[in-house]
Novice: 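Sharing a structure, written as structure tokens. Questions coming.
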2 protein chains.
Amino acid sequence: MADAGSRHKTRANPLFLREEKLRQAMELLFFAYRDFTGEANAVLIDYGFGHAHHRVIYFVGRNPGITVSQLLGILKITKQSLSRVLGQLIDDGYVVKESDRGDRRRRLLSLTAKGAELWTQLTTRQSNRIARAYREAGADAVEGFCTVLRGIINEEDRGRATRRDSRNRQ
Amino acid sequence: MADAGSRHKTRANPLFLREEKLRQAMELLFFAYRDFTGEANAVLIDYGFGHAHHRVIYFVGRNPGITVSQLLGILKITKQSLSRVLGQLIDDGYVVKESDRGDRRRRLLSLTAKGAELWTQLTTRQSNRIARAYREAGADAVEGFCTVLRGIINEEDRGRATRRDSRNRQ
DNA sequence: CATATATGTCAATAATACTGACGTAATTTT
DNA sequence: AAAATTACGTCAGTATTATTGACATATATG
């Protein structure tokens, strides 16, 4: 009885509590992402698109002039997978592709006015959800939120969701 | 020139900064979730499973005795979708299904020893990732992280990723 | 007994994604 | 200038996840 083991729930057991907190985090992440994306998915159905289209629209809108391979690097999917989705978006007039004048092998992607409109429609919804959560949580919590999320991201990609200057243009 | 418009990046423009912060949050969420799940997906390939199996394994492991409909409520997919995945996990001996003695319409799901082993293998990897991020961020940041994530989740499901007592058994 | 609930299943389809193989154009290297 | 590399595209086949719709069965509840 006196072996301070690892299965008692007495409040002096940080190991148990730690594991509990970590699992809680995993679930929070699951549910938050599920609901965060669910909202946008509903909008996309009206356009005949899915979440893959959303991701493309989003990152092209956010990084005008992004190349195909840069986009592949962000999405981490194969070019064959991207091809279908991107092709549809171009055919339907949401995205345009033009040759880079500097390196004509490259294709630069950007949104049309129509694409920008859809981008806004999708983004404002998700953005409102985040804004509400931010407002309710307060500035300090927001900072913690970003710090932890950044720590979860693979080191090589941590910079991607930060810098808004000195990017994309080489 | 004196119209204090909405497109200058002068540091006295909270609206611009706000939008920027919100989009940053969306991207952090995207990348964090991508990398968080990517690791587990790699393990699952060796078992011939996909991420759908992971989610089932995870929530069954976390909620032993969960019913089929409760699981559907968490995953928010159709029962036909769940059926295939759950059937495979049962056939391969990772999950067991037994009738609830109280209400024999219900099927209670739980992991086998083999299932628990896979659960641990998957969870420790993800858990380590979170733990590292937590350690680097500090306790206050962690609290903020949880608070904001909870705020992002649809109100009706916010309780799901918290309570570990007084649940599941009614 | 009638109805509702919990689960299962058959069938058809869509969306996302993969591997592998090849082709072309443009740039870079030797 | 020839050779190699890079960026992109595409054809074919397949796997996984998910959907809608219809129907069946067992159990519980009024």
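Chain A is the first sequence line, chain B the second, and so forth, proteins listed ahead of strands; every chain is numbered from 1.
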Novice: Can you see whether R107(A) engages S99(A) through a side-chain donor-acceptor pair at a distance of less than 3.5 angstrom?
Specialist: yes

Novice: Could you check how far CZ of R106(A) sits from C1' of dG9(D), rounded to whole Å?
Specialist: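 To the nearest whole Å, that distance equals 17 Å.
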
Novice: Answer yes or no: is there a donor N or O on one side and an acceptor on the other, between the side chain of T67(A) and the main chain of R106(A), under 3.5 Å?
Specialist: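 Not at all, since once roles are kept as given, no pair shorter than 3.5 Å links the two residues.
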
Novice: Is the F59(A) to F30(B) ring centre distance short of 6.0 Å?
Specialist: yes

Novice: Got a sec? Which of residues 31-52 of chain A come in under 4.0 Å of DNA chain C, heavy atoms?
Specialist: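 Hits under 4.0 Å, by residue number: G50(A), H51(A), A52(A).
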
Novice: My understanding is that only residues two or more places apart in sequence, or in another chain, count here; which of them pass salt bridge (charged side-chain N to carboxylate O under 4.0 Å, His left out) with E19(B)?
Specialist: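 Salt bridge (charged side-chain N to carboxylate O under 4.0 Å, His left out) check on E19(B) returns R23(B).
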
Novice: Please find the pair of heavy atoms, one from S127(B) and one from L22(A), that lie closest to each other, and give the distance.
Specialist: OG-CD1, 3.3 Å

Novice: Please identify each residue that fulfils salt bridge (charged side-chain N to carboxylate O under 4.0 Å, His left out) with R105(B), with sequence neighbours left out.
Specialist: D103(B)

Novice: Between the axis at one end of the helix from dC1(C)-dG30(D) to dT30(C)-dA1(D) and the axis at the other (five pairs apiece), what's the angle to 10 degrees?
Specialist: 30°

Novice: Is a donor on one side and an acceptor on the other found under 3.5 Å between the side chain of S110(B) and the backbone of P64(B)?
Specialist: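 It does not hold such a pair.
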
Novice: Under the ring-ring contact (aromatic ring centres under 6.0 Å, His included) rule, what do F36(A) and Y33(B) come out as? Steps first, then yes or no, please.
Specialist: CA-CA 11 Å; F36(A) 173 67; Y33(B) 196 77; 10.0 Å; no

Novice: Looking at R129(A) and E39(A), does any basic side-chain N land under 4.0 Å from a carboxylate oxygen?
Specialist: yes

Novice: Tell me which one of V85(B), D92(B), L122(B) satisfies side chain to side chain contact (heavy atoms under 4.5 Å, CB included) with F49(B).
Specialist: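 So the option named by the test is D92(B).
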
Novice: In residues 72-100 of chain A, which ones come under 4.0 Å of DNA chain D, going by heavy atoms?
Specialist: K79(A), Q80(A), K97(A)

Novice: Salt bridge or not for D157(A) and R34(B), using N-O below 4.0 Å?
Specialist: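 Between R34(B) and D157(A) there is a salt bridge, with a charged N closer than 4.0 Å to a carboxylate O.
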
Novice: So does R150(A) get a backbone contact from the side chain of R158(A), meaning a donor-acceptor N/O pair under 3.5 Å?
Specialist: yes

Novice: Hey, which of these two, G102(A) or R107(B), hits DNA chain C nearer its 5' end, going by closest nucleotide?
Specialist: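 The residue closer to the strand's 5' end, by nearest nucleotide, is R107(B).
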
Novice: What I want to find out is whether R62(B) reaches E20(A) closely enough, with some N-O distance under 4.0 Å, to be called a salt bridge.
Specialist: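 Looking at R62(B) and E20(A), the cut-off is met.
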
Novice: Using the closest heavy atom to pick a nucleotide of DNA chain C for each, name whichever of R101(A) or D103(B) lands nearer the 5' end.
Specialist: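 Residue closer to the 5' terminus by nearest nucleotide: D103(B).
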
Novice: Walk along DNA chain C from 5' to 3' and tell me the first and last nucleotide with an atom closer than 4.0 Å to a non-hydrogen atom of chain B.
Specialist: dT5(C) to dC10(C)

